[in-house]
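Contents: one structure, followed by commentary.
In listed order, ligands and their atoms are each counted from 1.
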Amino acid sequence: MAKKTKSIWFCSSCGNESLQWLGKCPYCGEYNTMVEKTVETGVVRASATSSGHVHKPVQLKEIESAAEHRISLHNAELDRILGGGIVPGSLVLIGGEPGIGKSTLSLQIPLNCPSLKTLYVTGEESVKQVKMRADRLGGDSSDCLIFSETQIENVISEAEGIKPDLMVVDSVQTMFAQSADSTPGSVSQIKEVAATLLRFAKESGIAVILIGHITKDGYIAGPKILEHIVDVVLQFEGENRGSYRILRSIKNRFGSTSELAVFEMTGTGLREVSNPSEMLIPMHGQSLSGTAVCAMLDGSRSFLFEVQALVSTAAYGTAQRSATGFDVRRLNMLLAVLEKRAGFHLSAKDVFINMSGGLRVTDPACDLAVVCAVLSSNFDFAVPSDICFAAEVGLSGEIRPVGQMDKRISEAARLGFKKIFVSSFASLGPKAPGIEVVKVADIPALVRALFPRG
Ligand code: TYD
Ligand code: MG
């Protein structure tokens with residue numbers, strides 16, 4: 001059959017496909033992100049499986065249910081967010097900004113598990129550079145092969161011969177597939193490389209970790225367009241200047257998606273932080289005005305972190321609102337609630353909010369801590385350091401309950417907090433020892449309880 005080709009357009013931000021060029025992607029709303037790709041039509045079906053055999057539908061009850069096998073990566077945090085280890089034959093994408101620690105983390109895996117036969121494919125660094133990094137990280141590298149290659153077909157044929165337990169590909173942007181005729185890093189190349197690796201992983205049963213760079217503005221996003229191809233997406237977050245790194249599971253076909261792991265970048269690689277509260281409440285024990293501690297839940301884990309606020313008289317006509325690690329629209333809403341429902345005049349004040357440890361927080365339970373930090377800075381009155389908060393603030397100024405209170409309370413008690421402020425409407429389990437639970441119904445009640453001068 002003669003090969004026919006046609007042009008289609010991909011959004012490089014979200015991967016949306018269109019038959020024509022568009023200035024704005026209708027799916028993600030980004031401008032100027034559509035890029036052209038030529039695809040073959042008509043002959044695609046015949047090559048649906050690279051091994052050549054055709055699959056037939058089978059009865060669900062006839063499929064043998066295999067006991068789920070997982071390989072431990074000897075890294076408790078990483079194993080946990082993968083859902084208990086990596087699944088053989090799965091494709092895991094680790095995304096993050098350049099320099100955040102993706103190569104370091106993936107090289108630490110074979111160094112920590114000498115019994116795991118690993119093929120580490122590097123398209124970015126020379127084998128000497130990888131060796132230098134490995135020397136810095138320490139560990140045992142007895143069964144780790146380093147392969148400096150950028151052509152994906154060569155990588156696959158080499159891996160088929162070696163049959164490793166794990167293959168790491170660093171990074172998707174530097175790999176090149178002969179079958180797609182564009183430059184490495186382009187949308188069609190990224191898609192082709194990922195699809196080739198996915199086929200390889202499924203057919204060989206080898207677990208593959210693929211590294212992908214994400215830039216701040218999302219352009220040449222790569223990993224964004226791969227999210228629906230791969231089995232697991234882990235994303236590195238963190239302030240580049242800080243040493244803490246958060247690895248978040250965004251998608252996981254074999255486990256929970258709201259898991260989070262914390263690492264610290266040290267001189268000898270990434271250290272697992274098994275007790276994140278210890279780094280997130282650095283000023284614990286000191287009463288400072290403008291700080292409040294929140295008992296947050298991320299995934300299945302509860303930990304405490306500090307919210308910092310600074311409220312000052314606006315130097316220019318319009319007040320500034322800035323939030324690091326917190327949604328600025330949510331901050332504006334909370335300030336409007338304080339203004340309208342509790343009579344605090346904050347519209348002429350600059351308000352800055354910062355979440356400790358470079359954390360990005362989406363748990364609504366931190367509303368109350370944000371409100372307290374703002375009020376504490378506004379009154380210049382420190383909230384006692386043994387108090388923490390866990391509740392959402394509603395538009396009427398009411399304090400609303402949040403889920404899994406028992407987990408939050410027991411974590412607060414474990415860290416030595418003496419009081420936790422929660423919603424009057426929260427349903428609580430048996431009383432936790434050593435901590436007093438204070439129930440508040442609305443903002444004025446909170447102000448009366450905490451700020452005598454308010
Ligand atoms: P890297 O893993 O190369 O980032 P990525 O692959 O995501 O681009 O990490 C690079 C940064 O980590 C670099 O700034 C140096 C720092 N680093 C350490 O602080 N300690 C170490 O042991 C290593 C290997 C790197
Ligand atoms: Mg790297």
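- The aromatic rings of Phe389 and Phe421 sit tilted relative to each other, their planes meeting at an angle between 30° and 60°.
- With respect to the salt-bridge test (charged N to carboxylate O, under 4.0 angstrom), the residues Arg321 and Asp350 do not qualify.
- At a heavy-atom cutoff of 4.0 Å, ligand 1 is surrounded by Glu97, Pro98, Gly99, Ile100, Gly101, Lys102, Ser103, Thr104, Arg133, Arg136, Leu137, Met265, Thr266, Gly267, Thr268, Gly269.
- Neighbouring protein atoms of the Mg ion (ligand 2) (N, O or S, distance under 2.8 Å, waters ignored): Ser103 OG.
- Within the 3.5 Å criterion, the main-chain N or O of Val311 finds a donor-acceptor partner in the side chain of Ser377.
- Residue pairs meeting the side-chain hydrogen bond (donor to acceptor under 3.5 Å, both in side chains) criterion with at least one member in residues 108-120, sequence neighbours excluded: Tyr120-Asp170.
- Between the side chains of Glu124 and Ser171, at least one donor N or O lies within less than 3.5 Å of an accepting N or O.
- In this structure, Asp231 contributes its side chain and Ser90 its backbone to no donor-acceptor pair below 3.5 Å.
- Here the side chain of Ser376 pairs a donor or acceptor atom with the backbone of Phe381 at under 3.5 angstrom.
- In terms of the side-chain contact (heavy atoms from CB on, under 4.5 Å) criterion, residue partners of Leu22 (sequence neighbours excluded) are, by chain and number, Ser18, Gln20, Pro26, Met34.
- No donor-acceptor distance shorter than 3.5 angstrom exists from the side chain of Lys24 to the backbone of Asn32, with no hydrogens or angles considered.
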